[in-house]
2 protein chains.
Amino acid sequence: MTQKILSTVKNCGTAVSCQDCSLSSLCLPLSLDGQDIDRLDAIIKRGRPFQKNHTIWRQGDDFHSVLAIRSGSVKSFVTSPSGEEQIVGFHFAGEIIGLNGLFNKKYPITTVALETTTVCDIPYDSLDALADDLPELKDQILQSMSQEISEDQQMMLLLSKKTSDQRLATFLVSLSERFHRRGYSASRFRLTMSRNDLGNFLGLAVETISRIFSKFQQQEILRFIDSSRDIELLNMNKLYELADYQDSENKPCGTRNVS
Amino acid sequence: MTQKILSTVKNCGTAVSCQDCSLSSLCLPLSLDGQDIDRLDAIIKRGRPFQKNHTIWRQGDDFHSVLAIRSGSVKSFVTSPSGEEQIVGFHFAGEIIGLNGLFNKKYPITTVALETTTVCDIPYDSLDALADDLPELKDQILQSMSQEISEDQQMMLLLSKKTSDQRLATFLVSLSERFHRRGYSASRFRLTMSRNDLGNFLGLAVETISRIFSKFQQQEILRFIDSSRDIELLNMNKLYELADYQDSENKPCGTRNVS
DNA sequence: CGCCATCTTGATCAGGTTCAATAGATGTGG
DNA sequence: CCACATCTATTGAACCTGATCAAGATGGCG
């Protein structure tokens with residue numbers, strides 16, 4: 001069983017239509033018929049890639065677009081008045097970002113590319129007009145925001161109640177499932193964020209992240225391949241056990257032995 | 001300057017219409033004209049009060065209604081597979097609960113009354129039908145969900161980065177502003193949740209909450225009147241300073257000296 | 001009035017942070 | 001292409017905030 005791994009994702013080209021895009025079924029999983037997709041297709045702009053560390057938008061910026069990530073990954077964070085930053089999410093190819101800026105007309109978070117990242121740009125004006133005509137589109141947006149709320153609340157539980165081991169295990173399991181759902185390997189992928197970002201997200205110091213990775217390697221729960229960013233999960237059962245994870249019923253089968 | 005305090009809120013009666021309800025401007029701040037309000041009014045059910053500790057709905061229950069709280073207060077929490085509970089929000093008179101159950105058709109959280117609580121019940125079927133006709137209603141729902149996301153992300157920052165003192169200060173400042181916005185005193189109100197609930201919400205042990213309240217009293221930042229639930233904030237500036245609060249620009253003026 | 005919940009306070013403990021030093025990776029220009 | 005500079009990751013040791021355990025105090029409610 002050979003599964004493609006994340007690094008094989010390629011920008012599907014700048015001239016391709018939504019209908020033909022390999023991400024279409026993930027990107028906006030709309031129940032739109034052909035004609036509606038064409039309309040969406042017509043308003044989407046495909047820009048040039050963002051470089052690593054490029055700020056895509058800043059907290060407080062006027063809302064202008066929703067983006068579908070075609071390849072690469074980003075982090076999003078809120079900044080407190082005193083300048084402290086809290087990463088509130090990572091996003092990967094096939095995911096939509098910027099939706100919750102729609103209704104205040106301002107982006108509530110800052111979003112930065114973790115690596116070279118290509119996106120489809122869905123400008124606000126056109127989206128708004130389209131959404132007025134298509135109730136299904138609004139429903140999709142609502143669905144997606146509803147899911148975001150649930151995820152954020154799971155995150156509150158993690159930050160409030162879980163130990164450092166449990167936090168990292170939860171994170172890995174959740175990444176694994178996200179990749180699996182999109183057709184990538186559930187057990188082997190690249191961590192595109194730094195240890196610092198990881199610690200920030202999970203409410204832990206960098207050093208703690210490092211120590212837990214070392215411990216997990218020693219316990220043969222996981223290992224790194226070539227670099228500290230390419231990870232292979234060796235004992236999914238143990239990870240799930242540690243994580244006390246919400247969706248453990250849906251865990252991908254046969255993930256114990258790899259590729 | 002005498003402001004009504006929270007305990008003076010009364011159920012506005014079971015026969016009153018939305019239009020005449022004293023909460024109408026808070027409850028659903030819809031830009032609905034008279035006719036639309038009448039339609040909403042027609043579908044709202046006004047049931048009898050929930051007793052303290054009554055479970056209004058449980059995580060995973062089929063979605064049936066959105067509720068507008070007319071008087072009283074509730075807590076909402078998520079439960080992890082292993083049974084750990086994390087309170088993700090408190091809600092008071094004039095607030096709407098249950099919206100994010102709408103699109104999975106299941107309530108994603110459990111909601112329990114903190115005291116005797118009366119609500120307006122807006123049944124799902126009717127709401128759904130109404131929302132299809134009224135794009136503004138959907139926009140209101142989106143707006144409200146968008147705000148929830150931002151609040152949850154502020155909460156992530158709090159749980160991940162703030163000290164125990166800062167957490168409690170942030171909580172008090174945020175409660176104060178919520179009450180102020182609804183016309184109640186910003187400096188004196190009742191904490192309807194237990195120290196346990198507070199600790200759970202803020203990611204701290206009960207004992208820690210107790211100790212910080214004691215410390216804050218000693219520093220004359222606040223005091224309790226008659227009981228450990230009736231609080232008066234004496235030094236709002238100090239609280240804001242501790243809290244590093246998002247909306248400190250909007251803080252109510254003249255809240256330093258009380259009533 | 002008395003019981004059980006909730007709240008407070010004290011003493012000890014521990015998980016995770018901080019500080020510090022080293023090792024490894026990445027990138028740049030000569 | 002290698003040498004140097006910089007950024008990122010790992011590991012160790014000391015420390016500290018908040019948790020836990022334990023014992024009273026308060027108070028709401030039958």
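Each chain gets a letter, A, B and so on, in the order the sequences are listed, and its residues count up from 1. Quick note: numbers below take in every heavy atom, side chains included, and nothing from hydrogens, waters or symmetry partners.
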Check: Counting any heavy atom closer than 4.0 Å, what does B:S164 reach on the DNA or RNA strands: base, sugar-phosphate only, or nothing?
Finding: sugar-phosphate
Next item on the list: Identify whether the distance between the nearest side-chain nitrogen and carboxylate oxygen of A:R223 and A:E232 falls below 4.0 Å.
Entry: yes
Next item on the list: Using atom CD of B:E207 as one end and atom C1' of C:dT12 as the other, report the distance to the nearest whole Å.
Entry: 13 Å
Note to self: Any base atoms under 4.0 Å from A:S227, or only sugar-phosphate, or nothing? Heavy atoms, all strands.
What the structure shows: nothing
Check: Please give, in whole Å, the distance from C:dG15 C1' to A:D165 CG?
Finding: 10 Å
Next item on the list: Look at all strands and tell whether B:G199 reaches a base, only sugar-phosphate, or nothing, counting heavy atoms closer than 4.0 Å.
Entry: nothing
Check: B:V206 side chain: which of D:dG18, C:dT17, C:dT8 is closest?
Finding: C:dT8
Notebook entry, point to check: Closest nucleotide of DNA chain C for B:F224 versus for A:R229: which of these residues is on the 5' side?
Noted result: B:F224
Notebook entry, point to check: To the nearest Å, how far apart are A:L191 CG and D:dA9 P?
Noted result: 10 Å
Notebook entry, point to check: Under a 3.5 Å cut-off for both distances, is C:dT22 Watson-Crick or wobble paired, and to whom?
Noted result: D:dA9
Check: Rounded to whole angstrom units, what separation is found between the CZ atom of B:R195 and the C1' atom of C:dA5?
Finding: 14 Å
Notebook entry, point to check: Reckon A:S194 touches a base, only the sugar-phosphate, or nothing at all at heavy-atom distances under 4.0 Å?
Noted result: sugar-phosphate
Margin query: With a 4.0 Å limit, can you tell me whether B:S228 has a side-chain N or O closer than that to the phosphate oxygens OP1/OP2 of C:dT6?
Written below: no
Note to self: What's A:S210 touching, base or sugar-phosphate or nothing? Going by heavy atoms closer than 4.0 Å.
What the structure shows: base
Check: Please give, in whole Å, the distance from C:dG16 C1' to A:F213 CZ?
Finding: 17 Å
Checklist line | Carboxylate-amine/guanidinium contact B:E85 A:K161, below 4.0 Å | finding: no
Check: NA contact type, A:I209, heavy-atom cut-off 4.0 Å: base, sugar-phosphate, or nothing?
Finding: nothing
Notebook entry, point to check: For DNA chain D, whose closest nucleotide is more 5', that of B:K162 or that of A:R211?
Noted result: A:R211
Check: Between atom CG in A:L204 and atom C1' in C:dG16, what is the gap in whole Å?
Finding: 8 Å
Check: Syn or anti for C:dA5, taking syn as within 90° of 0?
Finding: syn
Checklist line | Crowding at CZ, B:R58 (>12 non-hydrogen neighbours, <6.0 Å) | finding: no
Notebook entry, point to check: If you measure from the Lys or Arg side-chain nitrogens to the Asp or Glu carboxylate oxygens, is any gap between B:R195 and B:E207 under 4.0 Å?
Noted result: no
Next item on the list: Give a yes or no on whether a salt bridge exists between B:K215 and B:D165, defined as a side-chain N under 4.0 angstrom from a carboxylate O.
Entry: yes
Notebook entry, point to check: Just how far, in rounded Å, is P of C:dC7 from CG of B:N196?
Noted result: 7 Å
Notebook entry, point to check: Rounded to whole angstrom units, what separation is found between the CG atom of A:D197 and the C1' atom of D:dC7?
Noted result: 13 Å
